[in-house]
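Some notes on the structure that comes next.
First the proteins, then the strands, lettered A, B, ... as listed; each starts at 1.
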Amino acid sequence: MNVGVVTFPGSNCDADFRRAIDRVEGLRAVALWHKDTDLSGVDAVVLPGGFSYGDYLRCGAIARFSPMMQSVARFAAQGRPVLGVCNGFQILCEAHLLPGVLMQNRDLSFLCKDVTILVERTDTPWTRGLANKLVLPIAHGDGNWQADDETVKRIEGDGQVVFRYQSNPNGARNDVAGLCNAARNVVGLMPHPERAVDPLLGGTDGLGFLTSLVEVLA
Amino acid sequence: MITAEQLKKHKLTAGEYGHARDVLGREASLTELGVLSVMWSEHCSYKSSRKHLARLPTTGPRVVIGPGENAGVVDVGDGWCVCFKMESHNHPSFIEPRQGAATGVGGILRDVFTMGARPIAALNSLRFGRPEHPKTRHLVDGVVSGIGGYGNCFGVPTVGGEVVFDASYDGNCLVNAFVVGTMKRDAIFLGLATGIGNPVIYVGARTGRDGIHGATMASDEFSDKKAVERPTVQVGDPFQEKLLLEACLELMRSDAIVGIQDMGAAGLTSSSVEMAGRAGNGLLLELDKVPLREEGMTPYELLLSESQERMLIVAKQGREEDVRKIFDKWDLQAVVIGRVTDDGIWRCTWHGEEVCALPVPLLTDEAPKYDRPQARPDWQDAVQVLPTVTAGDASADLLALIGSPDHCSREWIWSRYDHQVGAATVIRPGSDAAVVRMHDTTKAIALTVDGNSRHVYLDPVQGGMGVIAEGARNLACVGAVAVGATDNLNFGNPERPAIMWQIANAIDGLAAGCRALDVPIVSGNVSLYNETDGNAILPTPTVAMVGLIEGELPAIGARLGRAGLEVAVIGALPTHGVGGSSWLARVHGLLRGKPPTVDLVAEKALHTALIKLVREGLVEVAHDSADGGVALALAEICLPLRSDASVGLVGELPGSGDRTARLFGEDHGRVVIAYDRHQAPAIDAVLAGIPRTVVGISGGSRLTLTDAGAPVIDVAIDALTARWRDAMPTYLAGDPWPV
Amino acid sequence: MKVRVFVGLKPGVLDPAGEAVKGGLHHLGYPDVASVRCGKFFDLDVADGPDAEARVAKMADQLLANPVIESFRVEVLP
Amino acid sequence: MKVRVFVGLKPGVLDPAGEAVKGGLHHLGYPDVASVRCGKFFDLDVADGPDAEARVAKMADQLLANPVIESFRVEVLP
Ligand SMILES: Nc1ncnc2c1ncn2[C@@H]1O[C@H](COP(=O)(O)OP(=O)(O)O)[C@@H](O)[C@H]1O
Ligand SMILES: [Mg+2]
């Protein structure tokens, strides 16, 4: 099964993600270019971390308009699996494929460390079989998820919160670390699963995202 | 006619200019004077240091490219190389800490990827003034956010560094940035302008008036417009740099180019001149073709601009379109601005009119070189005398030390750096050396950066040797063999004989250390004139060292992690005393005495044995005992680090004689280890005569040391941890440094 | 022609940068600063024309502001 | 009283954010955008008084703007 990883100008976790995918039996990483539009050869799409367009305006704001994102929106509308990590999560929010926005961290500084997150949904293509607690690294300056009361109420009611921080590092509302859409096929989160796929490099809690996909696509 | 006033503005002496005029057989134009002034600056020409740098060992079986190129290259086997360099951005960082530090990182990244290497890790070595100095907090905050902001966005993990605070840096902070990259041996690119007629292509960001020397700019002759106040600060754009990296690496795979070089200090001028110089050719540059960001720029300004994120490429004739296509893909511009010529002259035209015609050798090899007078400072003997200090309560001293600016936790800093992008960081910041795996190989590299300006000040030779010894020891602690180093020599004004003496002697120390420990210096940088109002910084050579780990990665920590381990000191026991120690500086406010002498033979034997101990899994913890002495090293292995819990230690202070010296003396050549006690015989077999002195057993929640049964240190690990962890965040939140 | 677009957080949206600036000003000895809100502006140079202002408003709506948390205002500069 | 402080980069200083926004607008189909410069503003609520404007200017100089690369302007809001 082919998993496409989109490279935007300024993406810097795309190669890491492709390597993580290639570690998993049954998956093959396919590099996708932001100026292209063809998704016919892939079974799932990953929007990786980084600083697309330098994150200068708002994180993910410019990347959202790339040709590839128009295809990703259609792909998502067909109910097919899409995952956004860190900058990818920010892009998904800017593109309104996920609700809310990611604002600057509460204490205004970039933060790189391991966090514990609680897994609240295992019925998405990316979270099947995940343990209920994961330790994953974060590395972001803008991971403070915010939305208005009505949206928060709706997504909480609808069970769209997929991950919550055990100890909130950035001020995100309701400790939200990751979300899915109403259809559950689009998932976004701030922590980096692709950095936790090797016991020598800080654990393997990220592997489950990819093995989950193998099961779903099988 | 060039006037004395103009020479002064351009920091050239009458003798220097006279030489240029003789070679040219005419007066130089103002634009040419600007070019001469930057090419003959200390920064570009190394005129004061070149003679001394020649004493550094720069060759070895692994060295592929030594000093002289944009960065050094070392072969690590199986067709793979590592490429690295360190560079200072001291003055810009003092003026505008965020942008100054950011562009420092940007510059050193370009030095590495211009060689064809993909950067895989960054480190930095920082020096700030006293915490209580009104500028310090702002500088720390700005420099750290600049380094993080640039590296994080570019996508290189910043995995380590060092920070020291001392009054001598109050008016002159130091920011030395290091980057290492990897490449295949057959994919190395050089800054060469070969092939007569080949096109010279300008790529990357447009040129603005950034970084042009303020004094020269203000001169009315250079612009018909009224002089407006223009900041000369360079602003970095890590996003552009990331695109530039990808475009350059893609281009290098295409076989379309013969040479490439970043535009660093002195921008277009030095990059084009150096490329021509290395190839022995001339160049013709049509300056009006250079993409500009600002209106009304003159050839003078354009040649001296230090706008960031630009590179110069010499392509093969007829391949211009291939270059353009690749840069187009990455939304970057690529413009042909000139060609390689055979007359050895560096010519620039401006709308068809020649504005510069200077022989390349005049600007490179024939740049002035000086053997400046040296004299041992008249205060040197006096500072080497150790006054008598009365030892206080050792537990209180230890708490003071561990919460001091030089020894407290640096997590406030490195948590602002993405130290994991690249998904290869095996040992993260906070240990003796960082370890980063090389993708697609079974290798990893270990990285450390060190400097001890207190020791160098008190004795430049021993201090210089000590820096090398410490670097290699740090690498050995994670099981890595040192394969090369890069240095940054930060000193005061070399025209003062005392400073020149420090430079020459420190280089002798570095050279001796490198030779004895088989560590070639493959690249480096010199930063002189670091002084304010005649007060020089402490002499600060910093060294970044790269180690190699082949095959399976050893499981080694810098923290005790569990109870029941035997803790020992291996190597020589303290004999030296507290001269030059951190304890003397931090607890008594004194910079006095003789620093420890370095036994390089013993050092080498210790490193070899330690690497074996770590590789064979005989020890669980290895931690260098340098700064702060044995007491601080023992305290540090008890502290929590990330998921490691804190674990106490009960033991006996090793050695005999003066107790303070045994606690806080900073002798080289020793390391604290912890291991399962059943391994002791196997460990001794490897140590083969190197002393192993047992301290005690890990466990409990206190650090308790006795001396012949009498209590010496007894503190709760929680108390140590609180002092260590809270100091820097408290200070950076705006409060005074906690004591 | 030159147009300035102001983008600010909608009332009620949390402004961590504003809070931090307020804290910083109090620290600096300006305790009377009761509130700080941060915003951004963009100075655009666009082609003249009767619809220029409307076009810039569209740019703001599509890209410069995020309607989930921000509102904007367009001002033609003299 | 309400005061707005505008902070912008001095002329000639590279504005990476402005460049990125310009590129974004071109992509979006506004090729006529010739330049974009980004700035910030701060809306402060400070104690009334004759020297209020001068005090805010001091705050701007000390904290809100980075005088090495930025300039600022204070405007009293109605
Ligand atoms: N202290 C030093 N030790 C060894 N090599 C040095 C030292 N200082 C400078 N070099 C070498 O001299 C060359 C020129 O360096 P530099 O002028 O800093 O390059 P850049 O153009 O990037 O500023 C480089 O090859 C560098 O590695
Ligand atoms: Mg260079």
Exercise for the section: In sequence, state the C-alpha distance, the side-chain angles, and the governing distance for D:E19 and B:R206, and then conclude on salt bridge (charged side-chain N to carboxylate O under 4.0 Å, His left out). Expected result: CA-CA 11 Å; D:E19 293 295 314; B:R206 286 176 293 158; 3.4 Å; yes
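- Using modelled atom types and a 3.5 Å distance limit, the side chains of B:D210 and B:Q308 yield no donor-acceptor pair.
- Geometrically, B:R137 engages B:Y731 in a cation-pi contact, judged by NZ or CZ lying under 6.0 Å from the ring centre and within 45° of the ring axis.
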Problem - Steps toward salt bridge (charged side-chain N to carboxylate O under 4.0 Å, His left out) verdict (B:R130, B:D170) - result: CA-CA 6 Å; B:R130 290 161 296 157; B:D170 279 353; 2.4 Å; yes
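- If you tally non-hydrogen atom pairs under 4.5 Å between each of B:I95, B:V235, B:D331 and chain D, the highest count goes to B:V235.
- Heavy-atom distances place no part of B:R98 under 4.5 Å from chain D, backbone and side chain included.
- Residue D:D15: no heavy atom, backbone or side chain, is found under 4.5 Å from chain B.
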